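Since this is a predicted model, take the numbers as computed values, not measurements.
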Amino acid sequence: MPEHTPSPSPSRAVYGFVLYLGSCSALGLYFVWAILPDAILHSLGLTYWPMKSWAVTLPIYGCVLLALFAFLFYPGLNFMIVPPVTDMRTITDNHSIPLDETMVSEIPPASDLSLAEVCHHLYLDRKL
C-alpha cells in the first residue's frame with residue numbers, strides 16, 4: 001500500500017515540472033496575445049482570437065472573484081463550521097482545567113476560562 005505523504009517523489013517532481021512549464025507557456029501566450037497587434041497575429045495565420053478587451057477584463061474578473069472569496073465565502077464557511085455558543089463543545093471538554101478559586105497567589109494558575117467570563121471581560125467591563 002503506498003504511503004500518502006507530502007514528501008517529494010519522482011512522479012510529483014515530474015507533475016510539478018510539467019505544471020510549471022505549462023503555466024509559464026500559458027502566461028507567455030497570454031502576453032503575446034495581449035501585446036502584439038492583430039495585424040501581426042493575422043500575418044502568422046492566427047486569425048481566431050478573443051477581443052483585446054478580454055486581456056484586461058479577465059484579470060479584473062479574477063481579482064473580483066478573489067475578493068469575493070476572501071471577504072464573503074471564506075468567512076461564511078468558517079462561520080458554518082464553528083459550533084454555536086450553546087453547544088457543549090464551546091463550554092467544556094475532557095481536557096479543560098477549571099479555575100481553582102481557593103488558590104490565591106500573585107500569579108494565577110493555568111486554567112481555562114468559561115465563555116461567559118470571557119464575554120463579560122471583553123464586552124461588559126468597558127467604562128463609558
Side-chain angles (χ1 to χ4, degrees):
M1 182 171 178
E3 189 176 327
H4 297 288
T5 64
S7 64
S9 64
S11 63
R12 286 186 184 166
V14 170
Y15 290 144
F17 184 66
V18 169
L19 184 63
Y20 170 75
L21 288 179
S23 62
C24 286
S25 300
L27 183 66
L29 184 64
Y30 172 77
F31 282 136
V32 165
W33 164 68
I35 294 172
L36 287 180
D38 284 333
I40 295 175
L41 293 174
H42 291 304
S43 69
L44 295 173
L46 305 170
T47 58
Y48 186 72
W49 288 94
M51 292 187 312
K52 295 287 184 174
S53 62
W54 284 103
V56 176
T57 307
L58 287 178
I60 291 174
Y61 280 156
C63 289
V64 168
L65 287 175
L66 181 66
L68 281 175
F69 178 78
F71 294 115
L72 294 178
F73 298 129
Y74 189 67
L77 288 173
N78 284 334
F79 283 138
M80 286 174 39
I81 64 172
V82 171
V85 176
T86 56
D87 193 352
M88 287 299 291
R89 291 175 292 177
T90 60
I91 299 171
T92 184
D93 64 357
N94 296 338
H95 304 287
S96 61
I97 304 169
L99 180 63
D100 188 10
E101 297 288 339
T102 61
M103 193 171 179
V104 178
S105 66
E106 292 186 22
I107 300 174
S111 63
D112 294 323
L113 299 174
S114 69
L115 185 61
E117 187 176 349
V118 171
C119 289
H120 178 76
H121 285 293
L122 285 176
Y123 305 116
L124 295 179
D125 282 348
R126 295 194 178 146
K127 293 180 172 59
L128 297 175

* Connected via hydrophobic side-chain network under 4.5 Å: Leu77 and Leu72 -> no
* Trp49 side, atom CH2; Thr47 side, atom OG1 - distance, nearest 0.5 Å -> 10.0 Å
* Euclidean distance, Asn78 CG relative to Tyr74 OH, rounded to 0.5 Å -> 5.0 Å
Considering only distance and modelled atom types, tabulate donor-acceptor pairs under 3.5 Å from the side chains of residues 26-38, sequence neighbours left out.
residue, atom, partner, partner atom, Å
Tyr30, OH, Ala55, O, 2.4
Trp33, NE1, Pro50, O, 3.2

* Might you confirm whether atom CH2 of Trp54 has over 12 heavy atoms from other residues, nucleotides or ligands at distances under 6.0 Å? => no
* same_hphob_cluster(Val64, Phe69) at 4.5 Å side-chain heavy-atom cutoff -> yes
* **Listed partners of Met80 passing side chain to side chain contact (heavy atoms under 4.5 Å, CB included), at least two apart** => none
* **Partner residues of Val82 under the side chain to side chain contact (heavy atoms under 4.5 Å, CB included) criterion, sequence neighbours left out** => none
* Asked: In the hydrophobic clustering that connects Ile, Leu, Val, Met, Phe, Trp and Tyr at side-chain heavy-atom distances below 4.5 Å, which members other than Phe17 occupy its cluster, ordered by chain and number?
  -> Tyr20, Leu21
* Structure fact -> To the nearest 0.5 Å, atom CE of Met51 lies from atom OG1 of Thr57 at 8.0 Å
